[in-house]
Structure formats: C-alpha cells, structure tokens
Amino acid sequence: MFKEIEEKWQKAWENARIFEAEPNERQKFFITIPYPYLNGNLHAGHTRTFTIGDAYARYMRMKGYNVLFPLGFHVTGTPIIGLAELIAKRDQRTLEVYTKFHDVPMGDLIGLTTPERIVEYFAKEALNALKRIGYSIDWRRSFTTMDPPYQKFIEWQFWKLKELGYIEKGSHPVRYCPNDQNPVEDHDLLMGEEASIVEFTVIKFRLENSDLIFPCATLRPETIFGVTNIWLKPTNYLIAKVDGEKWVVSKEAFEKLKFMDRDLEFVKEVDGREFIGKRVMVPLVNRLVPILPAEFVDTDNATGVVMSVPAHAPYDYVALRDLNAKIEPIVIISSGNKDVPAKEVVEELKVKDQNDPELEKATKMLYKKEYHTGIMLENTGKFAGMKVSEAKDKVEKELKELKLADVFYEFSEKPVVCRCGTKCVVKLVEDQWFLRYSDEHWKAKVLEHLERMRIIPEYYKEEFRNKIEWLKDKACARRKGLGTKIPWDKEWLIESLSDSTIYMCYYILAKFINSGELKAENITKEFLDYVLLDKGSLELAKSSGLSKETIEKIKGEFQYWYPVDLRSSGKDLVANHLLFYLFHHVALFSEKHLPKAIAVNGYVSLEGQKMSKSKGPLLTMKKALEIYGADVTRLYILHSAEYDSDADWKSREIEGLASNLERFYSLVSDHYSRDPEKITTLDRWLISRFNRAVKEVREAMDKLQTRRAVNYAFFEIMNDVRWYLRRGGKNLSLILDDWIKLLAPFAPHICEELWHLKHSTFVSLESYPEYDPSKIDEHAEKAELYIAKLLEDIKEVMKFVEKPKVVYIHPAEEWKCKAFEIANEKGIGEAMKWLSMQNIDKAEIANFSKKFRSAELIKDEKKIIEENIEFFERELQIKVSLDSSKIPVERKRLAMPGKPAIFVSS
RNA sequence: GCGGGGGUUGCCGAGUGGAAAAGGCGCAGGGCUUAAGACCCUGUCCCGUAGGGGUCCGCGGGUUCAAAUCCCGCCCCCCGCACCA
C-alpha cells in the first residue's frame with residue numbers, strides 16, 4: 001500500500017498548483033468527462049471513465065500541451081428528490097442499499113432528507129474520492145448545476161434555442177401513476193419495468209343507422225381492407241362522449257381515456273351482447289360487417305373493441321372457426337402463402353381454440369412475416385403493390401386525416417404497477433416543451449460536423465450517424481425535480497439531459513465565478529452573446545456591469561480554450577447525452593468552436609455481476625481506494641479492458657496487480673541510484689527493447705488504448721527487465737528515468753515518489769519519452785533471442801538425457817554461414833554453385849541444403865556463446881563447453897546458422 | 001425486427017494473409033525461506049527416451065503457394081431502440 005506516498009504527492013501537486021491551467025503560448029488541449037450525477041457515491045464505472053480521462057490528460061500534458069481538465073457536478077433532475085423522499089420515509093430498501101453499497105454510514109444517511117443535504121453530502125464525498133485518486137483536475141472550475149450563475153447560463157442557452165426555432169410545444173405520452181400524480185421511472189416501479197408505450201391506431205366503425213362509434217384498436221391499420229366483422233366481449237361496456245363522439249368502450253378503456261387529454265363524458269353502461277348481430281360500417285372500405293362475440297377480447301387492452309381480419313390475424317381466424325360462422329376470410333396481403341395466411345399458421349401450430357396460448361406465437365410469427373415481406377394485393381385500392389411496412393403508415397395517415405382514426409396509448413406489457421401499489425396508466429402530457437431534434441436541417445448540420453470529428457473507437461462514427469438519424473423530438477421540460485425554470489414559462493423545469501449539453505464552456509466562466517469576479521447578475525444575455533458567440537458588441541456586453549477588461553479577459557480565455565478537444569465518456573451516453581452535446585453545439589456555436597473528438601468506453605461489472613446504483617452490487621471509488629490505493633486502482637482499471645468492451649472487476653486480479661506494482665517500486669528503488677558500469681550488448685538490447693515499448697505506448701495512447709499502453713509500459717517492459725537482470729544486467733538505471741516517465745500517466749504517485757529519488761522537478765510535468773529509432777539495435781536483439789532460444793533447446797535436449805554431465809555446443813561451420821549468406825543475397829542456385837566448388841562432402845551439402853529454411857544468420861555466434869558461457873552454466877547447473885571434438889559427427893551435422901548443434905554427454 | 005459490436009488456447013484477452021497464440025489471471029512443479037507470504041524459474045491442446053511431430057481460432061463451403069485474418073452461407077452471444085440520469 002502506497003497510501004502515504006500518494007497523499008504526500010497529492011498535497012504537493014495541490015500546493016504547487018500544477019494542474020491549474022491558464023492560457024499561455026503553448027498549444028492547448030481541453031479534455032472533459034461527463035460530470036457525475038450526485039444521487040450516490042462515485043463507483044467503479046466513474047472510476048473507469050474518469051481514470052481514462054485523467055491518464056490522457058496527463059499524457060497530453062507530458063507531451064507538451066497546455067491541458068485543461070475540469071469537472072463539475074450534476075444535480076438537476078428527479079432522482080435526488082426521489083432519494084430524499086425515500087430517506088425521509090425511512091424506506092428500508094433504500095437505507096440498506098445506501099449503507100451497504102454506497103458506503104454511507106447510517107448516521108449520516110438518515111440526515112439526508114432534503115435534496116440540498118444530499119447534494120452537499122455527496123459532493124463532498126465525491127471531491128474526497130476524486131482528490132484521493134489523484135486526478136489532475138483544475139478544481140478552481142468546479143460547480144454544481146443548481147448554482148445561480150449556472151441557471152443564468154442555462155436560461156441564456158434556452159432563449160437562444162428558442163430564437164432559433166428549435167424549441168416548440170407539443171404533447172407526449174408518459175408512464176404515470178394516478179395516485180402519486182406523477183410520471184414514473186423504472187426504479188419507481190414494482191412491476192412492469194420492461195413495458196414500453198405502444199401506439200395503437202383506433203379505427204372508428206359507425207353502427208348502422210346510429211351515431212354510436214365502435215373504436216377498434218389495432219396495430220395493423222393496413223388490414224382494414226380485410227375486415228369481415230368486429231369483436232366485442234360478451235360483457236358490459238360503457239358509452240362515453242369522447243371529443244363530441246359517442247364511443248362504445250370497455251370500462252377499463254374509459255378510465256385510461258381520462259389521462260389522454262380528451263373531452264370525456266360518461267353517458268351510460270350497456271351490455272355488449274345487445275349489439276351482437278348488428279352491423280357497422282368499415283371506414284375507407286365502406287362495407288357493412290356484423291358485430292360478433294369473442295372471449296379472447298381483452299377489455300383491459302386499449303379500447304376493448306377489436307376489428308376482425310381472419311385472413312391475417314390468427315385470433316380472428318380461430319374465433320370465427322369457434323363460432324362456426326359462415327364468414328370467408330378476405331386475403332389482402334401476399335407473403336408467399338398458398339392458402340389463407342392465418343389458416344396456414346394456425347394449422348402449422350395446431351391451435352385448438354381461441355384460448356390456446358399458441359395463438360400469441362402464431363400472431364407474432366405472422367405479423368413479423370407480413371410486416372417484412374408482405375405486399376398489398378389488388379383489393380386494397382391505391383395501396384395495392386405497396387410493402388406492408390409502407391402501407392401501414394400510409395393507411396394510418398389517411399384514416400387520421402379523414403378523422404376516421406385516432407391514437408390510443410397502451411403498455412406493451414401488463415401490469416405496470418407503481419411502488420405505491422397503484423396500477424400505472426399512460427398519460428398524455430399536453431403543452432409540453434420539445435427540443436426539435438427531428439429537424440432535418442439541424443440533423444444535416446450535425447451529420448456534416450460529425451464527419452469532421454474524430455470518434456474513438458472509429459466504428460462508433462457509424463453508430464453516431466445512425467443515432468443522429470434516428471433521434472426524435474425530445475420533451476425537455478418537467479414538472480418535478482431540481483433544475484432551471486424555462487425562462488419564458490416558469491411552470492416548467494428544464495429537464496436534466498437538456499441542461500447539460502454545452503456546459504463545457506461554463507468551466508471557463510466558473511473560474512471567474514469561483515474567484516468572485518463574475519456573479520450571477522453579471523451573466524446577461526449580451527454578455528454571453530459577446531463572450532461565447534462573438535455576437536453583439538463589447539458596448540452591449542457592458543450590460544453585465546463588468547469592466548471592459550474583465551469581459552475581454554473572459555472572452556479571451558474562452559477563445560483560447562474552446563472548443564473541447566476530447567470528450568471521453570461511457571458508452572451509455574452515446575444515444576442521449578453525447579448526441580445532445582453535438583446537436584446543441586452545432587446549433588449555437590460557430591464552426592471553429594465545435595467539438596473535435598469523442599471517445600467512448602465500456603461498463604464495469606463486479607466479479608461478473610452487473611453493478612446497480614439502486615440495487616447493488618456496487619463498488620464505490622472510495623472503497624476501492626481504501627483497499628487498494630490510488631495507483632493500483634488506476635493501473636488496474638486502465639488495463640482491465642480496451643475501448644467500449646466491458647471490464648470485469650475481479651478482486652483476485654487487482655491483488656495480483658498490487659504485488660506487481662510493489663515489485664516495480666522495489667526494483668526501481670534498488671537500481672535507480674547505482675553507478676553505471678561499462679555498456680554491453682545486453683544493455684543495448686535493453687535500451688532497444690525499451691524504445692520499442694515507448695513506440696507502442698505512444699501509439700496506443702494516441703488512440704486512447706489504455707489497456708495496450710499499460711500492457712507495454714508496465715508488463716512488457718517488466719518482463720524484459722526480468723530477463724535483463726537474470727542475464728546479469730548491471731545498468732538498469734539506463735532506462736529508469738524514462739520508464740518512470742513512461743508510467744507516470746498511469747501510476748502518477750509512485751512515479752512521482754521514485755522520480756524524486758534523483759530529481760527535484762515534478763515528473764507529472766516532465767516531457768514524455770520519445771521513440772528514438774537510432775536506439776534500436778537489431779544485432780543485440782538477435783543475439784539475445786539467440787541466447788534464449790539456445791538455452792531453451794539445451795533444456796529440451798537435457799530432458800532426454802538421464803544424468804547429463806557436460807553440454808557441448810557447436811555453432812555452424814563457416815562454410816554453412818557463407819553459403820547461407822550467398823543464398824540470401826543471390827538465391828539458392830548461386831549458393832549451391834558456390835558450395836560445389838568447396839571441398840566439402842556431397843552428403844553434407846545435400847543434408848545442409850535441405851534445411852535452409854530453419855537457418856538465420858547471426859554474426860559471431862561463437863563469440864556470443866563464449867561471452868555467455870557462465871550464464872548458461874548458471875542457468876543449466878551443468879558444465880558447458882565449446883569443444884566440438886566431443887560431439888558425434890551425426891549431431892554436428894545438425895548445426896545450422898543461428899542454430900548450433902548440441903550434444904549432452906552423460 | 002432495425003442498428004452497432006463480438007465468438008481465439010482453463011478464464012480475460014492480443015493477433016486482420018505468411019512458422020497461431022503477446023500480456024494478465026488461475027492452476028501445477030521447482031528454487032529461496034525455520035515457516036508462511038513475497039520473490040525467482042519452469043510447465044499448463046495431444047504425442048515424443050535429442051532440440052521433434054501432430055491438432056487448433058463458433059459451424060460449413062470457397063479464393064490463395066499460404067487463411068484466425070479475404071469472400072459466401074449459417075449458428076450463437078452482448079448492447080441500444082429513449083425522454084431516464
């Protein structure tokens with residue numbers, strides 16, 4: 001454990017303010033990671049994303065960039081309020097999760113009954129952990145999203161978006177608890193977390209000679225051409241006035257309609273059976289069809305009234321079969337079927353009656369098949385020949401335009417139950433504010449900018465393209481939670497994914513805010529227009545009440561630092577935050593201030609188990625630091641997985657790493673100050689190998705491949721160092737300065753400590769080792785490989801000798817090397833020609849030429865062996881001799897360039 | 001279903017046309033040690049009494065002198081499909 005060392009250098013860095021970035025003449029590099037949301041302690045997932053960011057920040061700093069690496073805290077939204085309520089209620093499960101997994105002492109926890117206290121508590125905890133892990137963050141720029149200046153900033157942002165026409169009103173369906181009178185999120189649910197909101201099309205069938213409407217709910221409006229009848233369950237229904245029309249709906253449907261922004265009025269209860277046998281008009285098709293009874297109708301699904309398309313809906317087909325009704329299915333879609341499609345699938349699955357559970361499967365099979373491969377037949381009028389997927393949308397659109405259809409929202413799975421025990425409903429929230437992400441021009445601009453960006457890993461660019469196209473309008477206002485009010489409509493709060501899209505530029509303001517130079521009241525529209533957008537003028541910006549100098553200074557710093565050069569984030573934010581980040585920047589900022597690069601990393605699981613903030617298991621950053629310390633934790637998480645692949649935190653592995661790091665520490669302390677001795681081939685080998693590693697590490701880090709980087713910077717070099725010492729190397733200190741620097745971005749504390757054994761500067765500010773191709777020594781590398789291979793071969797041979805006494809080694813004769821050299825330069829033909837002119841036994845030549853492939857030319861083989869004979873003897877614990885006279889001829893013959901003959905006597 | 005990623009030796013994972021398998025973890029043996037831990041070495045697909053031979057990268061085909069790598073077909077796994085941070 002390196003606790004003292006780590007804390008010592010954390011203090012030293014803080015006192016020397018080395019991570020506080022100010023504009024200067026150097027090239028800047030602005031790196032950000034998403035600020036954490038403070039409804040709990042930071043965990044291993046944060047540890048991964050943040051450590052990648054910090055390692056890169058440190059790397060870039062050592063490469064000579066002026067690096068800005070700031071971090072704030074996100075507190076807007078509902079979860080913090082939800083948590084405060086749960087704690088106030090003494091919710092058992094919450095108390096358990098937070099004491100057990102978030103490592104919050106019960107005594108502290110029960111006091112956290114207001115959002116303010118939660119924010120205060122977890123902000124402090126987060127800051128402690130983030131400092132204890134030694135991130136090179138400029139803490140002068142920290143803030144939370146509830147700070148008044150931040151809110152002023154967000155208000156400005158929303159005014160701007162509104163002016164651009166990117167915000168407008170609309171309505172939106174949400175999952176809603178009628179008891180709590182609130183939208184519910186996944187973690188508010190007792191049951192039905194997987195349920196999504198499905199949009200049913202309700203087609204209005206008018207009763208013959210009446211103004212009663214039977215609203216049939218369907219997911220397949222295109223099948224309207226095949227309707228032969230409609231279904232009612234033989235039970236009670238209600239007649240209700242819905243937006244002026246008289247609808248017949250189930251009781252459950254009536255309850256649901258109350259939440260769908262309708263003009264709704266109860267008329268009377270009726271027995272569904274009354275209508276059986278009467279006829280309704282199929283809209284668009286204008287055909288009269290009968291109303292029939294069916295048990296399979298679920299009154300708790302949508303309207304409880306269903307249209308019947310026996311040719312394409314297995315339920316309808318079977319229900320008619322059960323009734324023995326003389327009704328012929330009308331086939332309107334072709335998908336390679338020979339007979340009536342519903343009949344085919346029903347017979348294939350041997351469905352017995354309408355209560356057979358197989359029907360669900362049959363329905364899904366047929367739906368899938370027809371949706372993807374089906375073509376509309378001639379009897380569908382102008383939709384004939386269209387693909388089903390296309391016709392579906394067109395029919396629906398037309399019906400809606402003719403006021404013959406409506407929308408009804410329903411859950412995909414049921415029941416959906418709130419934690420309060422109430423059954424949830426779909427509520428249509430009206431007058432909701434939307435961000436118009438579907439805007440084609442906006443999208444086009446984002447896509448265009450994406451092409452200029454660097455996305456890491458590269459294949460995520462395609463993912464981003466797809467997600468940008470898929471993105472729809474997003475409700476950006478909430479009734480409940482923490483946040484900034486929509487400036488022109490104070491009833492609403494700005495939703496938390498929408499108030500965190502361009503805050504990276506706020507880090508530049510935050511420094512001035514925290515120093516007291518800039519106050520909330522100074523942050524006026526004109527000020528931000530001028531500073532961030534270079535619009536308006538200095539004169540107008542004086543509305544902020546700030547001096548000209550201050551305004552220009554802030555603006556200058558913004559122009560120096562912006563844009564963000566790299567945003568490094570977990571992959572869970574790709575489909576939301578990172579998209580919004582791009583959209584908002586593109587909408588507001590000029591091209592030169594748009595994001596340059598995005599990097600994405602994967603999740604962290606614990607011993608194979610998914611982590612969960614709200615349920616556990618969870619490993620907090622704090623706990624990891626207590627057990628393993630900063631450098632071990634950092635090195636481990638950086639090495640555990642690459643890019644977006646998920647990491648699995650295994651305590652066994654991190655313990656192994658801890659001992660590796662200790663070994664590094666003692667190894668370096670032992671050798672660092674030793675006086676240099678004469679440089680040998682072995683030393684040149686070490687330097688050569690080290691240089692290759694430097695190249696790898698730099699290439700890896702330039703692509704944010706921290707796993708590969710740590711692998712080379714730490715493990716591979718460690719292996720070479722072990723071999724070097726085993727071979728009797730004396731000058732390890734030759735590489736130690738550079739090795740410490742090479743590792744500094746990953747394990748900064750230990751490196752700082754070791755560095756100071758010899759230096760008085762901060763290694764964190766030293767320049768990163770450069771790859772020097774002139775230090776690559778091919779000969780030395782070949783020689784070491786030769787020795788290793790020879791050692792291995794001798795051991796292999798010794799295995800087969802019972803009591804080995806002496807190992808005789810015989811390198812290939814001069815003529816073999818010469819012939820091989822000729823073969824390499826001029827081809828085998830020339831070599832053979834040359835060989836035939838030498839005075840050498842023909843059989844020898846034939847034997848030798850067969851084995852050309854296994855040879856490799858190495859200079860001075862004999863000399864290499866001679867110089868290392870002691871090493872071989874030490875390793876093998878046996879006498880080693882170059883006296884070839886003791887070797888039998890048939891063994892001697894095996895000697896090839898690079899592969900000496902070996903004979904072990906017993 | 002759509003979109004993105006993936007299937008390599010006990011496990012995690014490198015490796016994208018030239019003798020497959022870096023590195024980590026685990027396991028086994030040996031060394032060191034009073035002992036344990038740490039540390040060092042060796043082995044870890046199969047066969048082999050001389051450094052060797054064989055098998056092998058989800059499955060099945062194909063291209064090539066040469067395929068984990070390229071092409072075609074198939075199977076399986078993970079993630080996203082939202083309004084939630």
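So you know, we letter chains A, B, ... as the sequences are listed, proteins then strands, and number each from 1.
A/V904 comes within 4.0 angstrom of a nucleotide base, judged by non-hydrogen atoms across all strands. Residue A/N576 is in base contact, counting any heavy-atom pair closer than 4.0 Å across all strands shown. Contact annotation for A/R707: base contact, defined as any heavy-atom pair under 4.0 Å involving a base atom.
Of the side-chain N and O atoms in A/R175, none sit less than 4.0 angstrom from OP1 or OP2 of B/C84. The phosphate of B/C12 (OP1 or OP2) has no side-chain N or O of A/S640 nearer than 4.0 angstrom.
Rounded to whole Å, the distance from CH2 on A/W433 to C1' on B/C83 is 18 Å. Spacing between atom CD of A/E662 and atom C1' of B/C39 amounts to 12 Å, rounded to whole angstrom units. Here the P atom of nucleotide B/C83 and the CG atom of A/L579 are 15 Å apart, to the nearest Å.
Separating the P atom of B/U8 from that of B/C57 is a span of 11 Å, rounded to the nearest Å. The separation of B/A68 from B/G62, taken at their P atoms, amounts to 15 Å, rounded to a whole angstrom. Remark: the separation of the C1' atoms in B/C76 and B/G58 is 7 Å, to the nearest Å.
In RNA chain B, runs of at least 3 consecutive Watson-Crick or G-U pairs, each pair with both distances below 3.5 Å, span B:1-7 with B:75-81, B:10-12 with B:23-25, B:26-31 with B:39-44, B:45-47 with B:52-54, B:58-62 with B:70-74.
Contacts of A/R48 classified as side-chain contact (heavy atoms from CB on, under 4.5 Å), with partners at least two apart in sequence or in another chain: A/I52, A/N601, A/V604, A/I637, A/A641, A/A647. Applying the side-chain contact (heavy atoms from CB on, under 4.5 Å) rule to A/A895 yields the partners A/H810, A/A812, A/K816, A/A901; only residues at least two apart in sequence or on another chain are considered.
Within 3.5 Å, no donor on the side chain of A/D793 pairs with an acceptor on the base of B/A50, nor the reverse.
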Nucleotide N/O to protein N/O under 3.5 Å, stretch nucleotides 25-33 of chain B:
{"residue": "B/C25", "atom": "OP1", "partner": "A/N660", "partner atom": "ND2", "Å": "3.3"}

Polar atoms only, N or O, under 3.5 Å: list the protein pairs with nucleotides 42-44 of chain B and their distances.
{"residue": "B/U42", "atom": "OP1", "partner": "A/R726", "partner atom": "NH1", "Å": "3.3"}

Under 3.5 Å between N/O atoms: give me all the protein pairs with nucleotides 53-55 of chain B, atom names plus distance.
none

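Ring planes of A/H577 and A/Y581: parallel class, angle under 30° (limits at 30 and 60°).
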